[in-house]
2 protein chains.
Amino acid sequence: MNIHDIARRLNISIGTISRALNDRAGVSAKTRQRVLDAAKRYGYSPNQSGRSLRRGATGMIGFMVIPNRDRTTKGEAFFMTIFDGLQSVLAAHGLDLVIHYCGADQDPETHVQRIVERRMVDGLIISQTNRSDPRIDYLIEKKLPFIAFGRSDTRRAHTWTDLDFEGVAEQSIDLLYRLGHRRIAIATAANELNFGYLYLEACRASLARHGIVLTDDLIFREPLTEAGGYSLGGRLLALRDRPTAVSLVQNTLTLGLYQRLSDAGVVPGHDLSIIGFDQSPNGDFLRPSLTQFRLSLTELGEWLGCQIIALIEARRAGRQIRHAHKIWPLQIEPGESAQPPAR
Amino acid sequence: MNIHDIARRLNISIGTISRALNDRAGVSAKTRQRVLDAAKRYGYSPNQSGRSLRRGATGMIGFMVIPNRDRTTKGEAFFMTIFDGLQSVLAAHGLDLVIHYCGADQDPETHVQRIVERRMVDGLIISQTNRSDPRIDYLIEKKLPFIAFGRSDTRRAHTWTDLDFEGVAEQSIDLLYRLGHRRIAIATAANELNFGYLYLEACRASLARHGIVLTDDLIFREPLTEAGGYSLGGRLLALRDRPTAVSLVQNTLTLGLYQRLSDAGVVPGHDLSIIGFDQSPNGDFLRPSLTQFRLSLTELGEWLGCQIIALIEARRAGRQIRHAHKIWPLQIEPGESAQPPAR
DNA sequence: AGCAGTCCCGTAAACGTTTACGAAGAAGCG
DNA sequence: CGCTTCTTCGTAAACGTTTACGGGACTGCT
């Protein structure tokens, strides 16, 4: 069932059919209605390949997700909530959201190349940026409208957004310092991941402002999983000069960390203060409750949607594009896990 | 840069270019190499829309994900691990995996209609099936190769796979009975979700085999989230004739449940036995450790990939298709949360 | 009546592929 | 050398749309 079939059935030309279905001028209200009725009756809807070919646009926006080595990209609620915000904006513009899952054995760069070369999407959002991320240069080169969710060290102009890792680091360190902590451990991500680097360096800077030098023995990098948190706990406990507090770059670590401490009879907030990062359901259901940060991910998703649409519109109109950069502030939510040090 | 540009540059016809790139017969090794070199040099790769239009196939396989009301579809590791297995099989066949995220405000059925009507995928996998799921009838009607991940009450032939909810229910109940429990609560999912129904009825049957009648006051339906688990804990504690054990349909409930019990000074395994369901990272990091089930999700993903490819091949070859049905057994992993009842 | 302007609508040319068909040349054979 | 067979390649017709263009039928005006 294609446009010709409908045209034949209605004794109307295919041009008119197309105009009617696409809300274009030059077709009377009566025939438009006839076309719409017929389309519904015969279950016709335009073939996307034909339409894409002619229009030079697929109507799809990609979101590329990379699992880390440990298969847990982040708390699932994290991306899901972003998708919700993004999806609603895109749908309002007749665009579809498709998520490109980059297999664990696949190279992210070749994966993005494949997406671009096959012209599968009109716009792309990449996440989990590395400190040096060739995907960004590639996408700039190929002139595909895209947004990087996460910063990188490239100097070339592009749209990006990111969480305020520096702000979180500063608030965390300041709070811990105010509470009286002087020996503070930092649990961050692999250095090649941009946010791990940012977080660590911001912590270092904040500590320095208080006259504290962050030594390497207080820097921990574990897989961002429950198991990583468990291992982190063990390593913290094993230190001969044990820190009185630890600041986490991601909440996936918390559950394992709590349990490792519990195994050793160490109470969070009492014997060791803990500050988490992004809110996750976990934080609300740990005892003692976790001091962490809150953020509107739906809003972030909506922002992504608006920006990618703006980029595409600008491209089509041939306008010069203004690349937006937005950093999302996070608000601290005090819990019981951050207390003055014991003694 | 399209096929004509390459043809002009090489002084070769477009037909030959196409044949060379698609590994078809009728082109000499020398010219094939020239074409491949040129394609690489000029960064050419065939336009997917044109190719899809001509071939009548998009080369993409869809996986439809529905968030539940609470935005947490399942443990994220759950789907991610499935995607890994699925993706690797598809990639080996030159197919792409795209995930269709159905927004929280979108109706799953209209979403699937949109996917089908726009001919966006050659095959589709739907998950989170309802007991009565119109998507299945629709997909059968539209003759799109698809697999339902989850059973439903339709009697029409189609390929599906599911976890062995009955087996898990039986093993759980049997274990609890053997341990001495007689008053056992069941935490299941909304009845419209097929697995919630299956699990509940299998528990009921297993209990009946031991001469126990499952009464309504011991059936709990909470949102499958940490918050739901917390609420479940409260409701269990409030019962005047408190059960000695509870069996959970999904592990997302565990964290909240543990904390609610902890708040009340109730110890899992001692005052209340708990059996979880699918393994999740959580289970390994709860104290007391959770008795739960294990399953190879990568394998499940690979199975999905092989089956959907088989369906598509059969369709193309015009062969009659044999619809596979596979139920995945889960192996119990004893933890400390299931013990003989106190007294 | 003649003419300009408006409103609908049909025609046909793209968009970038793949592939059936046929032709040209080479190779093999008597 | 003539014939057949095989290999290699070019030509052109699809695939299903969208849209620029032009033409007919009206309307309104002089």
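So that the names make sense, note that chain A is the first sequence line, chain B the second, and so on, each numbered from 1. Bear in mind that the values here come from a model prediction, so they are computed numbers and not experimental data.
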Which listed nucleotide ([options]) is nearest to the side chain of [X]?
{"X": "A/Thr31", "options": "D/dC9, C/dC9, C/dT18", "value": "C/dC9"}
{"X": "A/Arg19", "options": "C/dT18, D/dT17, C/dC9", "value": "C/dC9"}
{"X": "B/Ser13", "options": "D/dC9, D/dT17, C/dC9", "value": "D/dC9"}
{"X": "B/Arg55", "options": "C/dT18, C/dT17, C/dC15", "value": "C/dT18"}
{"X": "A/Asn47", "options": "C/dT18, D/dT17, D/dC9", "value": "D/dT17"}
{"X": "B/Val27", "options": "C/dG16, D/dC9, C/dC9", "value": "D/dC9"}
{"X": "A/Thr16", "options": "D/dC9, C/dT17, C/dG10", "value": "C/dG10"}

Inset, instruction - Starting from the 5' end of DNA chain D, give me the residue, B/Gly26 or B/Arg54, whose nearest nucleotide shows up first. - result: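 So the residue in question is B/Gly26.
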
Legend entry - Position toward the 5' end of DNA chain D (nearest nucleotide), A/Gly50 or B/Ile14: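 The residue closer to the strand's 5' end, by nearest nucleotide, is B/Ile14.
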
Inset, instruction - Would you please indicate yes or no on a ring centroid separation below 6.0 angstrom for B/Phe63 and A/Tyr101? - result: no

Interatomic distance, [X] [atom1] vs [N] [atom2] [rounded to whole Å]:
{"X": "B/Arg24", "N": "C/dT19", "atom1": "CZ", "atom2": "P", "value": "5 Å"}
{"X": "B/Arg119", "N": "D/dC15", "atom1": "CZ", "atom2": "P", "value": "14 Å"}
{"X": "A/His4", "N": "C/dT11", "atom1": "NE2", "atom2": "P", "value": "11 Å"}
{"X": "B/Glu117", "N": "D/dT17", "atom1": "CD", "atom2": "P", "value": "12 Å"}
{"X": "B/Arg118", "N": "D/dG16", "atom1": "CZ", "atom2": "C1'", "value": "14 Å"}
{"X": "B/Lys30", "N": "D/dT8", "atom1": "NZ", "atom2": "C1'", "value": "11 Å"}
{"X": "B/Leu21", "N": "C/dT19", "atom1": "CG", "atom2": "C1'", "value": "14 Å"}
{"X": "B/Ile6", "N": "C/dT18", "atom1": "CD1", "atom2": "P", "value": "13 Å"}

Legend entry - The single option from A/Thr58, A/Asn47, A/Asp96 passing side chain to side chain donor-acceptor pair (under 3.5 Å) against B/Arg118: A/Asp96

Please confirm whether the shortest side-chain N or O distance from [X] to OP1 or OP2 of [N] is below 4.0 Å.
{"X": "A/Arg51", "N": "D/dG16", "answer": "no"}
{"X": "A/Asn22", "N": "D/dT18", "answer": "yes"}
{"X": "B/Ser28", "N": "D/dT8", "answer": "no"}

Inset, instruction - Return the minimal non-hydrogen interatomic distance between B/Ser13 and B/Ala7, and the atom names on each side. - result: C-CB, 4.1 Å

Inset, instruction - Would you indicate what A/Ser18 reaches in the nucleic acid, counting non-hydrogen atoms under 4.0 angstrom: base, sugar-phosphate, or nothing? - result: base

Inset, instruction - Say whether, by atom type as modelled, one donor and one acceptor occur between the side chain of B/Asn130 and the main chain of B/Asp133 under 3.5 angstrom. - result: no

Inset, instruction - Kindly check if the number of other-residue, nucleotide or ligand heavy atoms within 6.0 Å of CZ (A/Arg322) is above 12? - result: no

Inset, instruction - Dump the intermediate steps for side chain to side chain contact (heavy atoms under 4.5 Å, CB included) on B/Ile61 and B/Ile309, then the final yes or no. - result: CA-CA 9 Å; B/Ile61 303 296; B/Ile309 286 169; over 6 Å; no

